[in-house]
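Here the structure is laid out as structure tokens; the discussion comes afterwards.
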Amino acid sequence: MRRELAIEFSRVTEAAALAGYKWLGRGDKNKADGAAVEAMRFVLNQIDIDGEIVIGEGEIDEAPMLYIGEKVGRGGDAVDIAVDPIDGTRMTALGQNNAVAVLAAGTKGSFMRAPDMYMEKLIVGNGAKGAIHLDRPLEENIRSVAAALGKPIDRLTVVTLAKPRHEAAIRAMQDMGVRVFAIPDGDVAASVLTCMPDTEIDMLYCIGGAPEGVVSAAVARAMDGDMQGRLIPRDKAKGDTAENRELAKNECERCAKMGIAVDTVLTLDEMARTDNVIISVTGITKGDLLEAITSDGRLATTETLLIRGKSRTIRRIHSTHYLARKDKEIQDL
Ligand code: VTB
Ligand code: MG
Ligand code: MG
């Protein structure tokens, strides 16, 4: 991938974040998401690429979302693109921390095509590469990561989501002496933070979205961290009700059609097949990874993390935007 594409992709997440930001604290997560999607699509279509969305917001019949299989760009290099226009629509709607807009791009075939279901995820940075195995108990992974990092367990920090499905895991980790950060939402930003060098977070463990899992895998590849994932049917993630069992049945059928195994461990290389990826993440609300957008209605500022896997360069881009100078098409989203 041409390295100039990196700056182009940073414009895409900046635009998505700015569009989503307009819906900050307005209680409507779908409006925020819709605006971010439209902005993303518009800017992607101005880039000289032959792009295909391989991880998106939904299937073709669920327009106007950026759908899986959608072609973007004006023509040029063939690239596969994984997006989450807002990871943290709920945080955006409620004015909570850690909402981001994110995009990962790689050459054709770089990313696993994950169905829209849950994924169990275990992620570590470079220092604990090779020390995680999702088919072993969480406690064993904790011990192995601590050993790899040369830390006592009580100095280990694990981030997870504060969801009922994680209550037992959180307690088990705390009982071992692990410091657990249970954030309400937003495991994409947390994954990036886990993989950053000199981070306070040693490991991420959670059951979250599978599409976001593939984005996180791209991040782990780019920063030479490690990740394993496992697709989890709805009833196992959200409770064994008749409705969830029905949804789970559909998910499993889809996976079978796509040739992806449910309930088996997916390695990092299976989810992200190359480290020649570009990742752009722009903060929407304030987080541990990125600053929030600020805006007075005329000027806005954004902070973007731009990572090129090939060189492993991590850039932080602070931009000031004159909103009246933006393309008309995205000004009024
Ligand atoms: C959320 C969200 C994550 O997965 O946890 C979601 O915060 C799924 O969980 O960032 P619920 O359906 O229980 O809310 C993510 O969107 C991505 O993994
Ligand atoms: Mg989203
Ligand atoms: Mg998301």
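On a predicted model such as this, the values are computed, not experimentally measured, just so you know. The figures that follow rest on heavy atoms only: side chains count, while hydrogens, waters and symmetry mates do not. In each ligand, atom 1 is the first atom listed, and ligand 1 is the first ligand listed.
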Taking only heavy atoms of [X], which atoms of ligand 1 are found under 4.0 Å from at least one of them?
X	answer
L161	5 (O)
K238	11 (P), 12 (O), 13 (O)
G208	4 (O), 18 (O)
Y118	8 (C), 9 (O), 11 (P), 12 (O), 13 (O)
K121	18 (O)

Below a 4.0 angstrom heavy-atom separation, can you tell me which part of [X], side chain or backbone, both or neither, approaches ligand 1?
X	value
D185	both
M119	neither
D87	side chain

Test salt bridge (charged side-chain N to carboxylate O under 4.0 Å, His left out) applied to E291 - qualifying residues, sequence neighbours left out: K286
Nonpolar side-chain network containing Y21, other nodes, edges under 4.5 Å: L18, L24, I86, I284, I293
Heavy atoms from other residues, nucleotides or ligands near NZ of K163 exceed 12 (cutoff 6.0 Å): yes
Pair T320, T301: side-chain N/O donor-acceptor within cut-off below 3.5 Å: no
Donor-acceptor pair between T282 and E303 side chains, under 3.5 angstrom: no
Pairs touching residues 147-159 that satisfy side-chain hydrogen bond (donor to acceptor under 3.5 Å, both in side chains), sequence neighbours left out: K151-D202, T157-R179
Distance-only N or O hit between ligand 1 and G186, under 3.5 Å: yes
Check: G209 N/O within less than 3.5 Å of ligand 1 N/O: yes
The single option from N45, V12, V43 passing side chain to side chain contact (heavy atoms under 4.5 Å, CB included) against V72: N45
Min heavy-atom dist R90 to ligand 1 below 4.0 Å: yes
contact_flag M91 ligand 1 heavy-atom lt 4.0 Å: no
Working for salt bridge (charged side-chain N to carboxylate O under 4.0 Å, His left out), residues R74 and D50: CA-CA 7 Å; R74 291 194 298 210; D50 207 335; over 6 Å; no
Test item: E38 side-chain N/O and A35 main-chain N/O as donor-acceptor pair under 3.5 Å: no
Main-chain N/O of R234 paired to E251 side chain as donor or acceptor, under 3.5 Å: yes
Pair E70-R41, salt bridge (charged side-chain N to carboxylate O under 4.0 Å, His left out): steps then yes or no: CA-CA 10 Å; E70 180 170 347; R41 173 182 282 126; 2.7 Å; yes
The Mg ion (ligand 2) - number of protein N/O/S atoms closer than 2.8 Å: 2
Full working for side-chain contact (heavy atoms from CB on, under 4.5 Å) between I142 and L156: CA-CA 8 Å; I142 300 276; L156 210 67; 3.7 Å; yes
